[in-house]
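To start, the structure under review is shown below, and the notes come after it.
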Amino acid sequence: MRAAVLSSFLVLATGLAAAATPEIKRPVGAPQANGVTHLARAIPEACAWLEGTFTGDAASPYKFVPVRSSPTCQARARLLNPEKAKPSESTGWKLNDVVRIPSKDCPGLQAVVEIWRLPSDGKSMQLDAQGRARLYLQDAKANAAKAAPTPAYTAKVAIEGKACG
């Protein structure tokens, strides 16, 4: 099953969204060694995190898989397959984040994870007093007929540089 999930979420692309500017700006991550699984990015709205591992294999240098964060987590967004979602700004998706993870064992090689977000209705949810967007069961039941579409996320991975070995 993990192989199916891996193959559906792993997209090797040569050109990432050069024109799009990510909503979140972050520095390059800490170098990761071969065989060490690391957290590439958490998506709490979708009750998931994205794990990556440098394999050391020149044919497939990076393994990338989404993992459910908790079986009891109630997702407020969907995590979609990037091959089916085909995220782009022209279709309403927003480039949310770009995570760059260099390889510790192969200088010049890095994994680049693009996180795309599809807002539910073009405007963000109303924030509560703690600055969080929350959904409450009684409100959801009362407004079930006029519920807005669920927001969605997707993640694409590309490898930059040349694999060692």
Side-chain angles (χ1 to χ4, degrees), residues 5-34 36-55 61-104 106-136 147-161:
V5 172
L6 171 66
S7 65
S8 68
F9 280 84
L10 182 61
V11 175
L12 295 176
T14 54
L16 294 174
T21 303
E23 296 173 319
I24 299 171
K25 305 260 189 218
R26 72 175 66 236
V28 174
Q32 300 294 321
N34 288 343
V36 176
T37 300
H38 54 271
L39 174 70
R41 164 83 194 280
I43 305 175
E45 298 88 351
C47 297
W49 63 70
L50 308 173
E51 289 183 347
T53 308
F54 282 101
T55 63
Y62 193 70
K63 183 174 77 170
F64 176 75
V65 63
V67 178
R68 185 157 172 88
S69 60
S70 168
T72 59
C73 181
Q74 298 295 314
R76 299 182 311 270
R78 296 172 293 149
L79 185 61
L80 303 176
N81 181 330
E83 294 172 354
K84 291 181 182 177
K86 298 183 181 1
S88 72
E89 288 186 322
S90 63
T91 57
W93 289 85
K94 298 192 181 296
L95 181 59
N96 181 254
D97 197 1
V98 177
V99 181
R100 295 179 181 280
I101 307 156
S103 172
K104 185 176 187 179
C106 185
L109 180 70
Q110 71 176 349
V112 181
V113 181
E114 278 189 353
I115 312 300
W116 288 82
R117 180 178 64 85
L118 182 64
S120 59
D121 59 358
K123 55 186 175 187
S124 38
M125 293 178 62
Q126 191 172 10
L127 303 180
D128 67 5
Q130 295 177 338
R132 304 281 182 160
R134 300 184 197 266
L135 298 176
Y136 295 98
T150 307
Y153 285 84
T154 191
K156 299 195 300 184
V157 175
I159 302 298
E160 290 182 354

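Please read these numbers as outputs of a predicted model, since none were measured by experiment.
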> Less than 4.5 Å apart, any side-chain heavy atom of Leu79 and any of Ile43?
Replying inline: yes
> In Å, rounded to the nearest 0.5 Å, how long is the span from CD of Gln110 to OG of Ser103?
Replying inline: 10.0 Å
>> Please give me the minimum heavy-atom distance between Ala48 and Ser69, naming the atom from each residue.
In response: N-OG, 3.8 Å
> What is the distance from atom CH2 of Trp116 to atom CH2 of Trp93, rounded to the nearest 0.5 Å?
Replying inline: 9.5 Å
> Between Asn81 and Thr154, which heavy-atom pair has the shortest distance, and what is it?
Replying inline: C-OG1, 3.7 Å
> Which distance, rounded to the nearest 0.5 Å, do you find between the SG of Cys106 and the CD of Gln32?
Replying inline: 14.5 Å
> With no hydrogens and no angle check, is any side-chain donor or acceptor of Arg78 less than 3.5 Å from a backbone partner on Leu80?
Replying inline: no
> Should Pro31 and Pro102 count as side-chain neighbours, where that means a heavy-atom distance under 4.5 Å?
Replying inline: yes
>> Taking ring pair (Phe, Tyr, Trp, His ring centres under 6.0 Å) as the definition, give me every residue that meets it alongside Tyr153, ordered by chain and number, with sequence neighbours left out.
In response: none
> Taking all non-hydrogen atoms of both residues, which atom of Ala30 and which atom of Ile101 are closest, and how far apart?
Replying inline: O-CG2, 4.2 Å
> Atom CD in Glu114, atom CG in Asn96: separation rounded to 0.5 Å?
Replying inline: 11.0 Å
> Does a side-chain N-to-carboxylate-O contact under 4.0 Å join Glu160 and Arg100?
Replying inline: yes
> Where is the tightest heavy-atom contact between Ala40 and Tyr62, given as atom of each residue plus distance?
Replying inline: CB-OH, 4.4 Å
>> Counting C-beta onward and ignoring hydrogens, is there a side-chain heavy-atom pair between Arg41 and Arg26 closer than 4.5 Å?
In response: yes
> With side chains defined as the heavy atoms from C-beta onward, is the minimum distance between Val112 and Val99 less than 4.5 Å?
Replying inline: no
>> Do Leu118 and Pro87 have side chains that approach each other closer than 4.5 Å (heavy atoms only, starting at C-beta)?
In response: no
>> Is it the case that the side chain of Thr53 and the backbone of Thr55 share a donor-acceptor pair, with hydrogens and angles ignored and the cut-off at 3.5 Å?
In response: no
> Side-chain contact, heavy-atom cut-off 4.5 Å: Lys156 with Val113?
Replying inline: no
>> Check this for me, if you would: do Glu23 and Arg117 make a salt bridge, where the nitrogen-to-carboxylate-oxygen distance has to be below 4.0 angstrom?
In response: yes
> Could you give the distance from CD1 (Ile24) to CD1 (Ile115), rounded to the nearest 0.5 Å?
Replying inline: 9.0 Å
> Aromatic ring centroids of His38 and Phe64 under 6.0 Å?
Replying inline: no
> Could you go step by step and tell me if Ile159 and Leu109 meet the side-chain contact (heavy atoms from CB on, under 4.5 Å) rule?
Replying inline: CA-CA 7 Å; Ile159 302 298; Leu109 180 70; 3.2 Å; yes
> Roughly how far, to the nearest 0.5 Å, is the NZ atom of Lys63 from the OG1 atom of Thr37?
Replying inline: 5.5 Å
> Closest heavy-atom contact between Lys94 and Pro119?
Replying inline: CE-CG, 4.0 Å
